[in-house]
Amino acid sequence: MEKKQLRSLIAGKLSRHYGVEPRNATKNQMYHTCALVVRDLMMEKWNKTQKEIEKKHAKQVCYLSLEFLIGKSLKNNIYNLGLLDEFQCVLKGMGCDLQDLVDIEEDAALGNGGLGRLAACYMDALAAQNLPATGFSILYEYGLFKQRIIEGQQTELPDSWLDTGRSWLIPRTDEAVEVHFGGELVEHWESGHLAIEHQNYTSVTAVPHDMLISGYQSDTVNTLRLWQAKATRTLDFKLFGEGDYLRAIEEQAMAETISKILYPEDKHVEGKSLRLKQQYFFVSASIQNIINHHMRTYGRLDNLPKRVVIQINDTHPTLVIPEMMRIMMDVHGLTWEDAWDITTHTVAYTNHTIMPEALERWSEDLVKSIMPRVYQIIVEINRRFCEDLWNFYPNDWDTISKMAIIAYNEVRMANLAIAGSFSVNGVSALHSQILKDDSFKDFYHVTPAKFNNVTNGIAYRRWMGQANEGLTALVTDKIGPDFLKDPKELKNFAAFAEDEDTLTRFDKIKRDNKERLARYIKEHNGITVDPDSMFDVQAKRLHEYKRQTLNILHILRMYYELKDNPNLDVTPRTFIFGAKAAPGYYTAKQIIRLIHSVADMINNDPQVNDKLKVVFLEDYKVSIAEILMPAANLSEQISTAGREASGTGNMKFMLNGALTIGTMDGANIEICESVGEENMFIFGLRKDEVLDLQRNGYNAMYYYQQNAWLSRILNSIQNGIGRADGPQVSYQDIVHSLIIGNDYGTADPYLVLADFEDYCRVQRIAGEQFKDAKTWNQKAIINVAGAHIFAADRSVQDYNERIWHLTTLWKDKK
Ligand code: 26Q
């Protein structure tokens with residue numbers, strides 16, 4: 001596209017939409033205008049993509065996820081269209097800076113963390129590789145809460161992202177569908193067969209809003225379809241007529257709460273009925289849409305598995321299985337056998353969690369009252385499933401009751417997901433192995449062929465191409481630009497680990513990125529940090545199993561070592577945290593507060609101040625990660641072995657040239673295979689050692705008593721932490737849960753104390769090695785090159801070869 005042409009597109013849109021000239025436009029008007037121009041450009045490709053899918057009878061993936069953590073879209077879409085220079089230049093001519101527009105855009109935070117961001121990364125990779133895909137989710141009016149830190153403590157504020165986000169959404173009222181809740185079932189005979197009628201239900205209308213998903217240098221534009229809940233009848237005239245005006249309005253408000261807010265808990269599940277309604281609303285609307293579209297195109301359902309694969313992102317969309325059965329039987333008149341055959345050849349399930357408290361279970365009564373017909377179907381699925389199991393495990397009631405879909409008055413979503421899908425996959429090699437050996441062992445024995453692994457991956461064009469322009473330019477100079485389309489090419493960068501020019505330039509790039517982050521920290525935290533110090537970063541959701549506490553204990557140890565011996569020759573460090581805690585997760589919030597107390601103590605102690613700083617970045621989100629990852633030297637991936645399904649932050653850090661300090665957990669193991677143990681800092685108990693220790697009675701108190709550092713540090717946390725001239729806050733609950741155990745369980749369930757000494761040992765090694773910048777940079781370069789295996793492009797190819805078997809729409813033109 002010519003700059004002239006782009007200029008006239010922008011000016012034209014501005015004048016038609018706002019009636020202003022470019023030089024008089026506000027930044028907001030300019031932002032919306034550019035978004036609309038970009039959307040128009042994508043729309044042409046979107047039409048072409050849809051036509052090609054029809055023409056080719058292409059098989060596509062429908063990715064069902066309660067979360068898509070998109071982040072910002074403007075720059076990503078301009079980048080994918082290959083128009084970054086053009087936009088920058090044309091806007092400049094209009095007296096406007098593209099970066100200012102990028103800054104205005106709110107993140108679309110329709111997700112909590114890893115699982116949601118993964119869905120967004122996969123949508124990017126699918127479009128880039130010309131694979132047809134539709135993402136389905138909910139149009140939450142409020143995304144993940146905004147985090148404000150007040151006196152060291154997290155408070156939550158609503159996130160009304162739609163102010164800027166709506167520029168990307170195309171309402172499709174023509175494709176709205178109804179979802180029915182509650183009511184009763186009445187059975188009657190209709191021309192010789194039993195028909196089920198659903199009466200007195202509450203109807204909610206699902207209105208789709210489409211977001212167009214572009215791919216890098218690709219003509220494919222896919223769809224992310226977000227469902228908004230609207231009352232089906234805006235006013236109930238009967239109620240209205242009776243004067244019950246308030247009830248009529250109330251019914252409307254009730255319906256619309258379904259898509260109001262994203263649940264901010266990850267891992268921990270609570271049986272809230274609104275959450276179940278969200279799941280059913282989302283699943284029903286999506287599958288109706290999929291089936292309607294398929295019927296319009298083919299007029300039959302038996303070939304559905306040849307044209308569509310439904311990938312469910314964890315168990316949250318599992319109700320798609322019984323809902324699909326319902327529609328095929330009750331609406332389209334299929335037999336149970338035919339409907340089951342189609343369903344179980346269409347749905348595939350990805351598991352993302354090992355933590356038992358994250359396994360979704362719903363009370364039977366709740367399921368029955370919200371979706372009576374779906375409940376009936378689940379009961380029948382369970383009956384048939386247990387019957388089959390009886391043949392496989394004769395007389396083994398124990399095993400069968402563990403595998404049952406309904407038991408103890410609960411519906412177990414993972415069991416339903418496994419029974420109703422043709423593929424079950426974990427998200428890293430270790431995680432998939434644990435699913436087979438442990439979590440889903442009995443299922444694995446019945447249908448071993450169902451079980452797959454697809455190691456997670458990241459949108460490296462966003463996480464390096466856009467977030468780290470300096471590094472991208474360096475890599476491009478050395479190995480050419482092909483790696484941006486084919487991640488395997490990135491391997492070749494390893495050959496430059498000894499190259500002097502590469503090393504000097506790499507050092508400068510990292511330094512620039514650190515300065516940019518230092519400016520951000522100065523502006524937002526008022527703290528001055530030294531860009532020459534090692535940036536040691538832990539950024540992820542706050543969870544006990546991720547062990548931010550272990551990091552803090554080590555920081556305190558370094559601090560006290562320096563206090564004891566101010567002349568100690570330590571590598572200056574800036575410890576940086578970013579983390580949101582689920583609003584109801586007390587311990588996680590205490591840990592955030594502890595980090596702040598430690599920061600307050602250390603940052604205000606002039607004795608250590610040229611050596612140590614601690615920074616907590618408020619409101620960690622995708623757009624902050626984009627500044628943070630490129631500036632990190634050390635990436636903290638320190639979960640208890642066997643707990644982190646994969647991790648994806650670990651991949652983003654290494655891709656930007658940080659070295660990992662980590663346990664042998666999740667994808668860290670594959671990072672280690674890719675770069676070699678000498679290029680990272682591995683420590684801690686291995687998965688089996690963790691299990692052994694826990695089986696044989698782990699004694700946390702023993703570590704506390706035996707290790708002088710642990711006693712000293714934990715005592716100080718118990719006694720109070722804070723700056724010398726300020727309030728000291730005591731963290732009794734944290735100390736208790738580490739050495740005594742709280743009401744809910746044994747002491748230190750995540751073995752923080754057991755791994756402490758070994759963690760400190762490798763931290764010391766990391767500190768020493770950082771002094772030799774050249775060797776450090778060589779290792780960093782090997783990490784960048786080794787990250788090629790973690791490209792979402794590769795993950796999506798794995799899914800395609802092992803599970804999806806999609807039709808490629810076309811080859812890219814060169
Ligand atoms: C479920 C029911 C009710 C309310 C909330 C939830 C819920 C929501 C989100 C449960 C879990 C989640 C998120 C899980 C998650 O993010 N898991 C992470 O997934 C990543 C991508 O595969 C992995 O890399 C991480 O290891 C894993 O923790």
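Counting from 1, the numbers follow the sequence of the chain as shown. Both counts, for ligands and for their atoms, begin at 1 and track the order of listing.
- Under a 4.0 angstrom heavy-atom cut-off, Trp362 registers as lying outside contact with ligand 1.
- The proximity of Thr353 to ligand 1, defined as any non-hydrogen pair under 4.0 Å, does not occur for either the backbone or the side chain.
- Between His316 and ligand 1, no pair of N/O atoms sits closer than 3.5 Å.
- Less than 4.0 angstrom separates some heavy atom of Glu67 from each of these atoms of ligand 1: 8 (C), 9 (C).
- Residue, atom and distance of the protein heavy atom nearest to atom 11 (C) of ligand 1 are Lys267 N, 3.2 Å.
- A donor-acceptor contact closer than 3.5 angstrom links the side chains of Gln637 and Ser635.
- For a threshold of 3.5 Å applied to N or O pairs, the pair formed by Asp266 and ligand 1 contains no separation below that value.
- At a 4.0 Å heavy-atom cut-off, ligand 1 does not touch Glu270 at all.
- A salt bridge is absent between Arg275 and Glu265: the closest approach of a Lys/Arg side-chain nitrogen to an acidic carboxylate oxygen does not fall below 4.0 angstrom.
- The distance criterion of under 3.5 Å between nitrogen or oxygen atoms is met by Leu115 with respect to ligand 1.
- Note on ring orientation: taking the six-membered ring where Trp is involved, the planes of Tyr799 and Trp804 are parallel (angle under 30°, cut-offs 30° and 60°).
- Closest protein heavy atom to atom 27 (C) of ligand 1: His352 O, 3.5 Å.
- Neither side chain, Asn650 nor Thr648, offers a donor N or O lying under 3.5 Å from an acceptor on the other.
- At least one N or O atom of Asn456, backbone or side chain, sits closer than 3.5 Å to an N or O atom of ligand 1.
- Taking every heavy atom of Glu265 and a limit of under 4.0 angstrom, the matching atoms of ligand 1 come to 5 (C), 6 (C), 7 (C), 8 (C), 9 (C).
- A salt bridge is defined here as a Lys NZ or Arg NE, NH1 or NH2 lying under 4.0 Å from an Asp or Glu carboxylate O, and Lys580 with Glu618 fails to meet this definition.
- Aromatic ring pairs are classed by plane angle as parallel below 30°, tilted from 30° to 60° and perpendicular above 60°; the pair Phe577 and Phe616 is parallel.
- Counting only heavy atoms of the protein, atom 2 (C) of ligand 1 lies nearest to Val269 CG1, 3.3 Å.
- For Arg643 against Ile354, the heavy-atom pair with the smallest separation is O-CD1, 3.8 Å.
- Near Tyr545, with a cut-off below 4.0 Å to any heavy atom, the atoms of ligand 1 are 28 (O).
- The pair Asp124-Arg461 meets the salt-bridge criterion, with a side-chain N (NZ, NE, NH1 or NH2) lying under 4.0 Å from an Asp/Glu carboxylate O.
- At a heavy-atom distance under 4.0 Å, only side-chain atoms of Glu360, from C-beta outward, approach ligand 1.
- Proximity of Arg541 to ligand 1 is not established, as no heavy-atom distance is less than 4.0 Å.
- Between His543 and Tyr545, the angle of the ring planes lies from 30° to 60°, which puts this pair in the tilted group.
- For ligand 1 and Ala645, the ligand atoms under 4.0 Å from any heavy atom of the residue are 26 (O).
- Within the structure, the closest approach of Gly647 to ligand 1 falls below 4.0 Å when heavy atoms are considered.
- With a 4.0 Å heavy-atom cut-off, ligand 1 is reached by the side chain of Arg275 but not by its N, CA, C or O.
- Shortest contact from atom 26 (O) of ligand 1 to any protein heavy atom: Glu644 OE1, 2.7 Å.
- We find that Glu106 and Lys146 are joined by a salt bridge, their nearest charged nitrogen and carboxylate oxygen being less than 4.0 Å apart.
- A salt bridge is absent between Asp437 and Lys441; no separation between the charged side-chain nitrogens and carboxylate oxygens falls under 4.0 Å.
- The aromatic rings of Phe136 and Trp227 lie parallel to each other, their planes meeting at an angle below 30°, with 60° marking the opposite boundary.
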